[in-house]
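Notes to accompany the following structure.
Naming convention: chains lettered A, B, ... in sequence-line order (proteins, then strands); numbering from 1 in each chain.
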Amino acid sequence: MCYPRFMFLKFKDEVSSILSNAVASAGFETDDTSLNESPHADISSSVAFKLAPKYRRSPKDICEVIYNNIKIPPDSYIERAETAGPYINFFVSRIFLNETTLRVLLDRENFGNLGYKGKVILEHTSANPDGPLHIGHIRNSVIGDTLARILKRAGYDVETQYYINDMGRQIAVVVWGLSNFKFDKTKKKDHAIAEVYINANKSLVDEKEHSPEVNGIMKEYETGNPETNKKFKDAIDTCMEGIKESLRRMNIHHDKFIWESQFVRSGSVNRMMDRIRKLDRAEIKDDALMVDLNDMGIQKSLVIQRSDGTSLYTTRDLAYHEWKTGQCDRMIDVLGADHKLISSQLKAMLRILNLKEPEIVIFEFVSLPEGSMSTRRGVFISADELLDEVEKAALLEVRKKRPDTDEEFKKKVASFVSIGAVRYDIVRVSPEKATTFDWAEAVDFEKQGAPFIQYAHARACSIIRNAGDEGIAFETFDPNVLLEEQEIALIKKLSCFENAIDSAARELKPNFLAIYARELADAFNQFYRYVPVLAAEPEFRAARLALVDCSRIVLANALDTLGITAPESM
RNA sequence: GGGCUCGUGGCUUAGCUUGGAUAUAGCGCCGGGCUUCUAACCCGGAUGUCGAGGGUUCGAAUCCCUCCGGGCCCGCCA
């Protein structure tokens, strides 16, 4: 038996095509069927409004004429169409509902794969290795990792990269600091590096005579002094060990770590500068190489090469993107709002050079109630501290709610609940929203966050488990008996998973999926409350168990795509 | 000063790209529900000049303009 690949998306396509035909046979012309989601229907069209001015007739009138030309074939995903004043409302059919359940049970953990093809390189986090990740950095990490998971589920071959800015002044400060200040071996390594970095910065401000030493270190690294190289590598490896540990704790993995210095060493930065020098728009000003980007809407000239001949961050970033261009179909960079200007300069330069431009996902800053964070000044809340505190609060919660369980179970639950809560809180809000960190909110488990969704999944597992214990089978079932309002609402919601993945992948908006997951959990909880499963008559019981299994699968897929554990028990 | 961006009930927030039916949801508040598959749950209620003003439109939270407020950026830093 062969089921159509997409559920809700296919329904939408079918409505669109049937409506287009109806519009045409009614004698109207438009390429926009104006389909919208609506509380009044499964999908709704306001096409009559669009046609009204052109044909000088009332929307209601036009709507009526189009409606009379709608022909729904048998076996359609569309049950019926209705007019409601100027609107045409469409409703899904029994076939659609039945096939949705069968589709989920067939595809299982692959449900949601849209068959998109191509290689994507997604860069995220890329925090400077001068200290631990803080709560601003992990907004980048969580958005980036969730996007990578969404794109993977949609079918893309995704490679994630962490770009290590090892040639910046801040790393030179760390290297200088390591030979002048104590490295606290009792601390987690990235935190110990931060301590050195903060002390070094303080003394560089107080005792300005050390500043040339740092400049010297930087210069030696750019030219490639072996002894200096080793110092840099040791410092960075040390810090990255701690950063990777924090990322691992949050279920975040990078496929590759790319050092910006490799592009200097390989000569590709020099080749890039030579190539740019030959451009008509390039000019030498005070011995520095500049490019005029005024016609690209960027007033500021971009400096490509310093007057001493060395490269700049942007130049190296150009070489990095040139390198990526040859290896993928799409490049995505997740960057903080401070990179808005520089990323548009980068894109403009790549366009001029006829190279692939990255798609940039910008997220706004996370600040503390007292102001913005700074690793350099030591003003930040680390990801480790946040996770520790949230985990502590979660443990209290588990003790309260599951006093019957052993300590090991409680700790395990506290761990995945806290990580889920942190990830979900970050990913549920639009990246373009600037946020202020709030401890009370971070440790609040009352709100409908990740634990709400995880709990719905655990409930579904529990029913399946109980059915197994009682020897109740549901391999064969009749989906036609799923007629309760909550059952139908739940199946419709299951069918929208593909839609959620599709729009999140298309628009690079991970928050779409976060909202979907919450709505799915909501639909399942209502079903759970009103529709008995194990206590129902056998034919209903089998179909409902199948629906519970579908819910379990899609909840698990949604949680997995959000990088959050889908627990069997909590 | 210039550029970009955000402003939606007490708080957090969806929708804005592509204008359409009573503006989404959560927290908190008020009231109800555990002899029933895990109550980290469910149900009901109160709470909105969608920052302000103007414009376009049959119709604006959504598009345009002005203003106000917050954030970010404007280095031969990264």
Side-chain angles (χ1 to χ4, degrees), chain A residues 32 34-41 44-46 48-50 52-53 58-59 84-87 89 128 130 165 167-171 260 285-290 297-300 303-314 316-317 336-342 344 362 364-365 367 372 394 397-398 400-402 404 413 417 425 428-430 432-436 438 440-441 444-456 458-467 470 507 511-512 514-515 518-519 521-522 525-526 528-536 544-545 548 569-570:
Chain A
D32 177 14
S34 303
L35 293 180
N36 293 300
E37 283 171 32
S38 162
H40 308 278
S44 165
S45 170
S46 58
F49 280 111
K50 294 280 177 296
S58 79
Y87 299 94
N89 292 331
N128 291 327
D130 52 20
N165 301 126
M167 304 206 67
R169 189 181 164 81
Q170 71 290 122
I171 303 307
E260 65 170 335
K285 218 159 125 190
D286 304 326
D287 293 331
L289 172 61
M290 326 260 291
I298 297 162
Q299 284 74 27
K300 289 220 68 98
V303 182
I304 296 293
Q305 185 177 30
R306 292 194 187 94
S307 38
D308 66 1
T310 58
S311 65
L312 286 105
Y313 168 84
T314 317
R316 300 187 291 264
D317 210 14
D338 53 337
H339 281 69
K340 273 183 201 169
L341 175 63
I342 203 162
S344 57
I362 296 281
E364 282 290 341
F365 271 46
S367 56
S372 53
E397 209 68 21
V398 190
K400 209 161 39 182
K401 297 191 199 278
R402 298 300 302 275
D404 54 308
V413 172
V417 160
D425 275 350
R428 60 179 250 276
V429 322
S430 289
E432 67 267 18
K433 230 91 160 182
T435 60
T436 304
D438 180 358
E441 204 185 319
D444 177 16
F445 290 99
E446 294 311 309
K447 61 184 182 226
Q448 260 186 16
F452 175 81
I453 305 160
Q454 291 173 310
Y455 187 64
R459 275 180 148 180
C461 289
S462 175
I463 295 178
I464 303 282
R465 197 167 44 238
N466 291 339
E470 293 171 36
E507 301 183 38
N511 53 313
F512 287 1
I515 291 159
R518 198 205 61 215
E519 288 174 349
D522 207 13
N525 279 330
Q526 282 175 46
Y528 183 93
R529 165 67 182 79
Y530 287 104
V531 185
V533 178
L534 297 175
R544 286 173 188 172
L545 273 168
V548 170
S569 176
M570 66 186 275

What is the distance, rounded to the nearest whole Å, between atom [atom1] of [X] and atom [atom2] of [N]?
X	N	atom1	atom2	result
N511(A)	rU13(B)	CG	P	12 Å
E507(A)	rU17(B)	CD	P	11 Å
K285(A)	rG75(B)	NZ	P	12 Å
E397(A)	rC41(B)	CD	C1'	14 Å
Q299(A)	rC74(B)	CD	C1'	10 Å
Q526(A)	rC41(B)	CD	P	13 Å
Q454(A)	rC41(B)	CD	C1'	15 Å
I362(A)	rU17(B)	CD1	C1'	17 Å

With sugar-phosphate meaning primed atoms plus P, OP1 and OP2, does [X] contact a base, only sugar-phosphate, or nothing at under 4.0 Å between heavy atoms?
X	value
M570(A)	base
S569(A)	base
L312(A)	sugar-phosphate
S344(A)	nothing
I342(A)	base
A337(A)	sugar-phosphate
E470(A)	nothing
N128(A)	sugar-phosphate
A84(A)	base

Note to self: Please evaluate residues Q526(A) and D522(A) with respect to the criterion side-chain contact (heavy atoms from CB on, under 4.5 Å), reporting the C-alpha separation (whole Å), side-chain torsions for both, the decisive distance (0.1 Å), and the verdict.
What the structure shows: CA-CA 6 Å; Q526(A) 282 175 46; D522(A) 207 13; 3.8 Å; yes

Return the nearest nucleotide to the side chain of [X]; candidates are [options].
X	options	value
Y530(A)	rC42(B), rC37(B), rC6(B)	rC42(B)
V303(A)	rC76(B), rC58(B), rC42(B)	rC76(B)
V417(A)	rC76(B), rU12(B), rA40(B)	rA40(B)
Y528(A)	rC4(B), rA21(B), rC37(B)	rC37(B)
F452(A)	rC37(B), rC42(B), rC6(B)	rC42(B)
R316(A)	rC41(B), rA78(B), rC76(B)	rA78(B)
E364(A)	rU5(B), rA40(B), rU13(B)	rU5(B)
K340(A)	rC41(B), rC4(B), rC76(B)	rC4(B)
K401(A)	rU13(B), rC72(B), rA40(B)	rA40(B)

Check: Is there a side-chain contact (heavy atoms from CB on, under 4.5 Å) between V303(A) and M290(A) once you walk through the steps?
Finding: CA-CA 4 Å; V303(A) 182; M290(A) 326 260 291; 3.5 Å; yes

Check: Distance from D32(A) atom CG to S45(A) atom OG, nearest 0.5 Å?
Finding: 8.0 Å

Item checked: Between CD on residue Q170(A) and CG on residue D130(A), distance to nearest 0.5 Å -> 5.5 Å

Please confirm whether the shortest side-chain N or O distance from [X] to OP1 or OP2 of [N] is below 4.0 Å.
X	N	value
K433(A)	rU5(B)	no
R306(A)	rC77(B)	yes
Y313(A)	rC76(B)	no

Any donor-acceptor pair, under 3.5 Å, between the side chain of [X] and the base of [N], if you only look at N and O atoms?
X	N	result
S462(A)	rC37(B)	no
N89(A)	rA21(B)	yes
S430(A)	rA14(B)	no

Between protein and nucleic acid, restricted to nucleotides 23-27 of chain B and to nitrogen or oxygen atoms under 3.5 Å apart, what atom pairs and distances do you find?
| from | atom 1 | to | atom 2 | distance (Å) |
| --- | --- | --- | --- | --- |
| rA25(B) | O2' | R518(A) | NH1 | 3.4 |
| rA25(B) | O2' | R518(A) | NH2 | 3.3 |
| rG26(B) | O2' | Q448(A) | N | 3.2 |

Item checked: Test side-chain contact (heavy atoms from CB on, under 4.5 Å) applied to V413(A) and E397(A), step by step -> CA-CA 10 Å; V413(A) 172; E397(A) 209 68 21; over 6 Å; no

Checklist line | Residue met sooner reading RNA chain B from 5', once F512(A) and A521(A) are mapped to nucleotides | finding: F512(A)

Checklist line | Upstream residue (5' side of RNA chain B) when D338(A) and G168(A) are each assigned their closest nucleotide | finding: D338(A)

Just name whichever nucleotide pairs with [N], Watson-Crick or G-U, keeping both distances under 3.5 Å, else none.
N	answer
rG2(B)	rC73(B)
rA61(B)	none
rA78(B)	none
rU36(B)	none

Notebook entry, point to check: When you compare rC6(B) with rU13(B), how far apart are their P atoms, in angstrom units rounded to a whole number?
Noted result: 13 Å

Under 3.5 Å, is there a donor-acceptor pair between the side chain of [X] and the main chain of [Y]?
X	Y	result
R306(A)	A288(A)	no
Q448(A)	R518(A)	no
S430(A)	E432(A)	no
N36(A)	S38(A)	no

Please write out the pairs of protein N or O atoms and N or O atoms of nucleotides 62-65 of chain B separated by less than 3.5 Å, giving the distance to one decimal.
none

Next item on the list: Check R402(A), K401(A), K400(A) against D404(A) for a salt bridge (charged side-chain N to carboxylate O under 4.0 Å, His left out) and give me the one that passes.
Entry: R402(A)

Item checked: R316(A) and N165(A): CA distance, side-chain angles, deciding distance, side-chain hydrogen bond (donor to acceptor under 3.5 Å, both in side chains) verdict -> CA-CA 10 Å; R316(A) 300 187 291 264; N165(A) 301 126; over 6 Å; no

Item checked: Verdict with supporting geometry, N466(A) and L534(A), side-chain contact (heavy atoms from CB on, under 4.5 Å) -> CA-CA 8 Å; N466(A) 291 339; L534(A) 297 175; 3.6 Å; yes

Notebook entry, point to check: What residues form a ring pair (Phe, Tyr, Trp, His ring centres under 6.0 Å) with F49(A), not counting sequence neighbours?
Noted result: Y87(A)

